[in-house]
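One structure below.
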Amino acid sequence: MTEPAQSRIGVTGLAVMGANLARNIARRGVPVAVHNRTAARTKEFVEAYGDEGTFHGAESLEDFVAALERPRRIIVMVKAGAPVDGVISDLTPLLDEGDIIIDAGNSHFPDTKRRTEECAANGLRFMGIGVSGGEEGALLGPSIMPGGDPAAYAEVEEVLTSIAAVVDGTPCCVHVGPDGAGHYVKMVHNGIEYADIQLIAEAYDLLTHVAGLDAPAIAAIFEEWNTGDLESFLIEITAKVLAKTDERTGGPLVDVILDQAGQKGTGTWTAIDALDLGVPLTGITEAVFARGLSALRSERKAASTVLAGPNPSAAENRTDLVEDIRQALYASKVVAYAQGFAQMRAASQANDWNLDLGAMATIWRGGCIIRAQFLNRIRDAYEEHRGTAAGGVGEGSDIENLLMVPYFTEAVANAQDAWRRVVITATEQGVAIPAFASSLSYYDAYRRERGPANLIQGLRDFFGAHTYKRIDAEGSFHTRWAQDGTEVRTDA
Ligand code: 6PG
């Protein structure tokens, strides 16, 4: 017997993220239809959580679709890639014009753009929404980055804002932009997450191998750091991970965890996209490479006995080393965010998304993995510079680079001596700090009015007649380097 269509929203895909999102929605008093490819999972879900709200456990996709109010709103929470296309093609014949399919997984934004068009051709509205906060966030309040048609968003806004994290009375959910914009912003969020984590790992490495501290001592340092400028979820959980005792050995758990980082691809997508856009995204990209290098475990093991390190290997005893590392971490973090926001700005222009970057900082303040006090400063910066060209920033409400906002200009200026000392010490001691060092190099390159690319242009022109421009004359030029040495104007 068909029950009346009474569920306001549906969730298909009941692995932990989908299950927790469904529970979060139902706990707000919204009736939810739930479905999973294997019906046994749906049954288990309803048995386990049925008393948390009003659920319709659907055994088939037909039953699931029939249980939904119109326009139907269906959240798809399956593995990114082919499974998403599979669900869309299974759902399409069952849906009616105007129904809304919402992909809440970590999909790649070009796929979201394509799916938006494909669904539109079938009369369906497709939304790609970024959801951050892991399992706990999905259940208790994630940060939500919805992309897609604004009219479709209006149909789900109430539900999405009601389940999102809330900071200072503001839900961490705002319509990001059309088609792939939501998944794009989530991708950059993840890239920044990679940079944040890498910087923390580098600080841990220095505290271990240069300052000579053990995991519990470093845990205490991170706990302390979490009370200042660095206050954030990732710093907080770093203290917890470092403080954890291993049940088997009785020593710190972190000491027996294999030093080989996994990755599911969003960091790589962010770096590739930055290369495509021509945006220097050194911090995030170094973080992705560092995970790649960590995976070369057997090569590293062999190299560790062959490749020589520096001689001054004794632990540094500088009393200010810990504070220097804190400042280096903070300055490098500012650079990583400046780069990530510059990338979103470039993507917004390239795709005509009109992203409100201040709003992105606002919805990342709570619920998500990179949530941090620091994001309030970024939010304030966009707010303060809205409609102005003050502080050396670009036109209108546009901030070309967060480093040019006085708050961050000053923060990095104050930290730079410590930052440089840390990079020198790490280099002398042979500790790899790709994200610290590349962030500092970015800072040094960005603040130079004249860099060394004049020579790059000279070389390109020498071997390939690629031409160059002059600082003292209009036009493009080529020098006959290997012939008579004369210069010719090539665009006249
Ligand atoms: C989040 C996380 C989440 C996931 C990352 C992990 O915002 O909730 O970013 O999406 O934990 O994708 O990525 P890696 O497995 O690549 O580290």
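Counting starts at 1 for both ligands and their atoms, in listed order. Reckoned from all heavy atoms, side chains included, excluding hydrogens, waters and symmetry mates. The residues of the chain are indexed from 1 along the displayed sequence. A quick note: this is a predicted structure, and the numbers were derived from the prediction, not measured.
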### Query
Is there a heavy atom in Cys368 that sits closer than 4.0 Å to ligand 1?
no
#### Entry: Taking atom 16 (O) of ligand 1 as the reference point, the nearest protein heavy atom with its distance
Tyr194 OH, 2.5 Å
### Summary
One should read off an interatomic distance between Thr427 OG1 and Phe436 CZ, to the nearest 0.5 angstrom, of 12.0 Å
### Query
Is it true that His183 and Phe109 have ring centroids separated by less than 6.0 Å?
no
### Query
Just going by heavy-atom distances, which of His189, Glu136, Glu193 is nearest to atom 2 (C) of ligand 1?
Glu193
### N or O pair under 3.5 Å between Gln263 and ligand 1
no
### Minimum-distance protein heavy atom relative to atom 15 (O) of ligand 1
Lys264 NZ, 2.8 Å
### Query
Should you measure from each heavy atom of Ile369, which atoms of ligand 1 turn up under 4.0 Å away?
1 (C), 2 (C), 7 (O), 8 (O)
### Query
With distance as the sole test, does Arg365 use its side chain to make a donor-acceptor pair with the main-chain N or O of Gln373 at under 3.5 Å?
no
### Query
Going through the checks in order, is the side-chain hydrogen bond (donor to acceptor under 3.5 Å, both in side chains) test met by Ser162 and Arg28?
CA-CA 7 Å; Ser162 77; Arg28 317 277 160 175; 5.0 Å; no
### ligand 1 contacted by Gly133 (non-hydrogen, < 4.0 Å)
yes
### Task
Examine the proximity of ligand 1 to Arg291 and report which part, side chain or backbone, both or neither, has a heavy atom under 4.0 Å away.
side chain
### Message
I'd like to check which ligand 1 atoms, numbered from 1 as shown, lie under 4.0 Å from a non-hydrogen atom of Asn190.
### Response
5 (C), 7 (O), 9 (O), 10 (O), 12 (O)
### Query
Are Glu44 and Arg41 close enough, and set up right, to give a salt bridge (charged side-chain N to carboxylate O under 4.0 Å, His left out), and what steps lead you there?
CA-CA 5 Å; Glu44 277 164 27; Arg41 176 84 195 100; 3.4 Å; yes
### Query
Does Lys113 pair with Glu117 as a salt bridge, N-O distance under 4.0 Å?
no
### atom 7 (O) of ligand 1: nearest protein contact (heavy atom, Å)
Ser132 OG, 2.4 Å
### Task
Any atoms of ligand 1 less than 4.0 Å from a non-hydrogen atom of Gly134? List them with their elements.
8 (O)
### Query
What residues form a ring pair (Phe, Tyr, Trp, His ring centres under 6.0 Å) with Phe233, not counting sequence neighbours?
none
### Query
Got an N/O contact under 3.5 Å between Gly262 and ligand 1?
no
### Message
Between Asp229 and Lys333, does any NZ, NE, NH1 or NH2 come within less than 4.0 Å of an OD or OE carboxylate oxygen?
### Response
no
